[in-house]
Amino acid sequence: MSSTTIEPSAPGPAKRKPVPRYRSQGGWTLLSAGFRPFFLLGAIFAALAVLLWLPVYHGDLTLQTAFTPRDWHVHEMLYGYLPAVITGFLLTAIPNWTGRLPLQGKPLLVLVMAWLAGRLCVTFSSDTGWLTALLVDASFMALVALAAAREIAAGKNWSNLNVVALLTLLLAGNIAFHLEAHFNGSADYGIRAGIGVVILLISLIGGRITPSFTRNWLVRENPGRLPVPFNKLDIAIVAFSAATLILWIVLPISMVTGTALALAGVAHLVRLARWAGDRTLREPLLLVLHVGYLFVPLGFLLTACAAFGLAPPSAGMHAWMVGGAGIMTLAVMTRASLGHTGQALRASLPTQVVYLAALVAVTARVGAALAPSWSDPLLHVSVLGWSVAFLGFALSYGPTLLARGKPH
């Protein structure tokens with residue numbers, strides 16, 4: 001496996017090391033590489049959890065969870081689905097950063113089982129007990145953070161320890177979510193903390209792979225204006241965003257917070273404009289990265305409006321999570337799945353339908369928040385779009401992810 005075939009690139013400035021080949025794996029193909037189980041299971045779970053959420057939201061179904069219905073929905077998207085995809089990405093990218101062998105076989109199975117156990121314990125936490133649900137659920141992110149730290153340290157790839165720090169913060173947010181839900185009746189800080197970490201991960205990793213992949217394609221296919229390389233302005237924008245998100249977590253409704261959020265939104269729009277996304281219109285695999293990242297500044301701007309009392313908080317949160325996180329993760333999952341199974345990096349018609357369905361989902365969900373009178377039909381449209389997107393990914397890419405073949 002050559003370093004040129006590894007699509008997920010390092011968020012830090014360290015030079016890539018040669019990547020060793022995968023070990024010969026005679027077991028189940030699904031456990032031959034981290035992206036296979038976590039992308040596939042994560043996508044299936046994302047679709048089914050939202051389909052299940054709709055009758056729960058309307059009061060037609062009751063879950064055996066200790067969380068309120070809203071908290072269960074938020075938790076399972078924020079601390080259930082997203083950590084699975086983040087893990088799939090990291091287990092694929094870290095060997096490229098460190099030159100070490102990837103996690104496969106039984107160690108990978110342990111992580112998969114820990115994630116599945118967390119989903120079951122949270123959903124049935126009325127029976128298992130809130131503390132058991134917390135411990136089992138939190139164990140997954142703890143194991144992932146430890147595994148990532150071990151590999152990065154063993155490979156002496158110190159510049160990427162910031163990713164481990166963000167994983168640790170995501171773990172802390174999950175623990176806070178469980179504690180708040182139990183002792184206060186509903187989560188608050190734990191929700192905003194988790195969203196803040198996810199937006200920083202998108203800003204850090206998405207903010208590197210989007211211009212990098214765009215540059216590589218433009219040089220080869222469409223010579224001309226190229227994305228501006230990662231520089232001090234990017235560092236400043238990410239740092240300011242981190243400070244702004246901390247302020248929002250602590251004090252979501254205030255003039256100071258609103259002003260900082262608006263400035264961060266404008267800064268990310270400037271950042272995105274420097275990546276030549278307008279020159280990728282004929283390459284959906286690239287265009288979708290730019291579209292997904294667009295929801296980062298839109299989320300900042302809508303959350304700024306909420307801080308000023310001009311919009312409901314859910315508008316910005318769903319722009320970030322359904323748009324930014326949802327579309328960006330689909331973009332990464334499709335691209336990495338193709339690249340790492342030796343497929344051509346080309347968006348098939350089903351892949352383009354997946355992207356379009358996700359865009360419909362976020363447009364309808366933000367619209368439902370901004371137009372309460374249309375909330376119910378728009379919510380149904382959003383659920384349909386989201387489910388089509390993620391079940392579409394599972395159906396389109398499942399055979400490839402399950403098929404035995406030489407990994408790339």
Side-chain angles (χ1 to χ4, degrees), residues 37-88 109-147 166-198 201 314 317-318 320-322 325-326 329 383 386-387 390-391 394:
F38 283 112
F39 286 179
L40 181 58
L41 294 176
I44 294 171
F45 177 76
L48 296 182
V50 169
L51 285 173
L52 185 62
W53 158 244
L54 201 57
V56 171
Y57 173 77
H58 286 298
D60 299 325
L61 178 67
T62 301
L63 298 176
Q64 294 299 107
T65 178
F67 288 154
T68 63
R70 183 212 67 156
D71 279 2
W72 175 83
H73 168 64
V74 173
H75 184 275
E76 290 307 277
M77 291 297 100
L78 182 56
Y79 294 113
Y81 161 68
L82 283 172
V85 177
I86 291 169
T87 300
L109 178 61
V110 169
L111 290 182
V112 172
M113 296 305 294
W115 179 76
L116 289 171
R119 309 288 56 78
L120 289 172
C121 285
V122 167
T123 301
F124 296 99
S125 52
S126 288
D127 299 323
T128 64
W130 76 274
L131 184 57
T132 299
L134 185 162
L135 294 174
V136 173
D137 185 36
S139 69
F140 172 68
M141 283 306 300
L143 289 171
V144 173
L146 287 172
L166 288 175
L167 289 177
T168 304
L169 289 175
L170 193 62
L171 169 62
N174 190 13
I175 293 172
F177 191 111
H178 280 272
L179 293 174
E180 281 188 292
H182 178 69
F183 290 106
N184 297 339
S186 64
D188 183 21
Y189 292 100
I191 294 175
R192 293 196 297 275
I195 292 174
V197 172
V198 169
L201 279 167
S314 63
M317 290 183 180
H318 283 100
W320 271 334
M321 302 312 292
V322 182
T329 52
V383 168
W386 179 272
S387 301
F390 284 90
L391 284 179

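All figures in this text were calculated on a predicted structure; none of them were measured in a lab.
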| task | Find the distance between CD1 (Ile195) and CE (Met321) and round it off to the nearest 0.5 Å. | result |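 Going from CD1 on Ile195 over to CE on Met321, the span is 5.5 Å.
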| query | Quick one: NE2 on His73 to OG1 on Thr68, what's the gap to the nearest 0.5 Å? | reply |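 Rounded to the nearest 0.5 Å, the NE2-OG1 separation comes out at 11.0 Å.
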| Non-neighbouring partners of Thr123 that pass side-chain hydrogen bond (donor to acceptor under 3.5 Å, both in side chains), sequence neighbours left out |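 In terms of side-chain hydrogen bond (donor to acceptor under 3.5 Å, both in side chains), with neighbours along the sequence ignored, Thr123 is linked to Trp72.
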| Residue list, side-chain hydrogen bond (donor to acceptor under 3.5 Å, both in side chains) with His182, at least two apart or on another chain |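 Partners of His182 under the side-chain hydrogen bond (donor to acceptor under 3.5 Å, both in side chains) test: Trp130.
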| request: Determine which pairs satisfy salt bridge (charged side-chain N to carboxylate O under 4.0 Å, His left out) with at least one residue from residues 37-49, sequence neighbours left out, and list them in order. | output: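 As it turns out, there is no salt bridge (charged side-chain N to carboxylate O under 4.0 Å, His left out) pair with a partner in residues 37-49 once direct neighbours are skipped.
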| query | Does any pair with a residue in residues 71-84 pass salt bridge (charged side-chain N to carboxylate O under 4.0 Å, His left out), and if so which ones, sequence neighbours excluded? | reply |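 The answer is Glu76-Arg119.
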Quick check: closest heavy atoms across [X] and [Y], and the distance to 0.1 Å?
{"X": "Val136", "Y": "Gly118", "answer": "CG1-N, 3.8 Å"}
{"X": "Ala187", "Y": "Arg70", "answer": "O-NH2, 2.9 Å"}
{"X": "Ala325", "Y": "Leu82", "answer": "CB-CD2, 3.9 Å"}

Result block: side-chain N/O donor-acceptor pairs under 3.5 angstrom for residues 43-66, not counting sequence neighbours:
residue, atom, partner, partner atom, Å
Thr65, OG1, Phe67, N, 3.2
Thr65, OG1, Val122, O, 2.9
Thr65, OG1, Ser125, OG, 3.2

All side-chain contact (heavy atoms from CB on, under 4.5 Å) counterparts of [X], not counting sequence neighbours:
{"X": "Asn184", "result": "Glu180"}
{"X": "Leu109", "result": "Leu31, Met113"}
{"X": "Ala84", "result": "Phe38, Trp115"}

Considering only distance and modelled atom types, tabulate donor-acceptor pairs under 3.5 Å from the side chains of residues 167-174, sequence neighbours left out.
residue, atom, partner, partner atom, Å
Thr168, OG1, Val164, O, 2.9
Asn174, OD1, His75, NE2, 2.7
Asn174, ND2, Asp137, OD2, 3.0

| said: Using the rule given for side chain to side chain contact (heavy atoms under 4.5 Å, CB included), can you reason through Leu179 versus Leu134, listing the C-alpha separation, both sets of side-chain angles and the distance that settles it, and then say yes or no? | reply: CA-CA 8 Å; Leu179 293 174; Leu134 185 162; 4.0 Å; yes
| In chain order, what residues pass the salt bridge (Lys or Arg N to Asp or Glu O under 4.0 Å) check against Asp188, with sequence neighbours excluded? |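 Asp188 satisfies salt bridge (Lys or Arg N to Asp or Glu O under 4.0 Å) with Arg192 once adjacent residues are dropped.
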| message | Tell me whether Tyr79 contacts the main-chain N or O of Gly194 through its side chain, where contact means a donor paired with an acceptor under 3.5 Å. | response |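 Looks like yes, one N/O pair under 3.5 Å.
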| field | ring pair (Phe, Tyr, Trp, His ring centres under 6.0 Å) against Phe390, all qualifying residues, sequence neighbours excluded | value |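 With neighbours one apart ignored, the set is Tyr81, Trp386.
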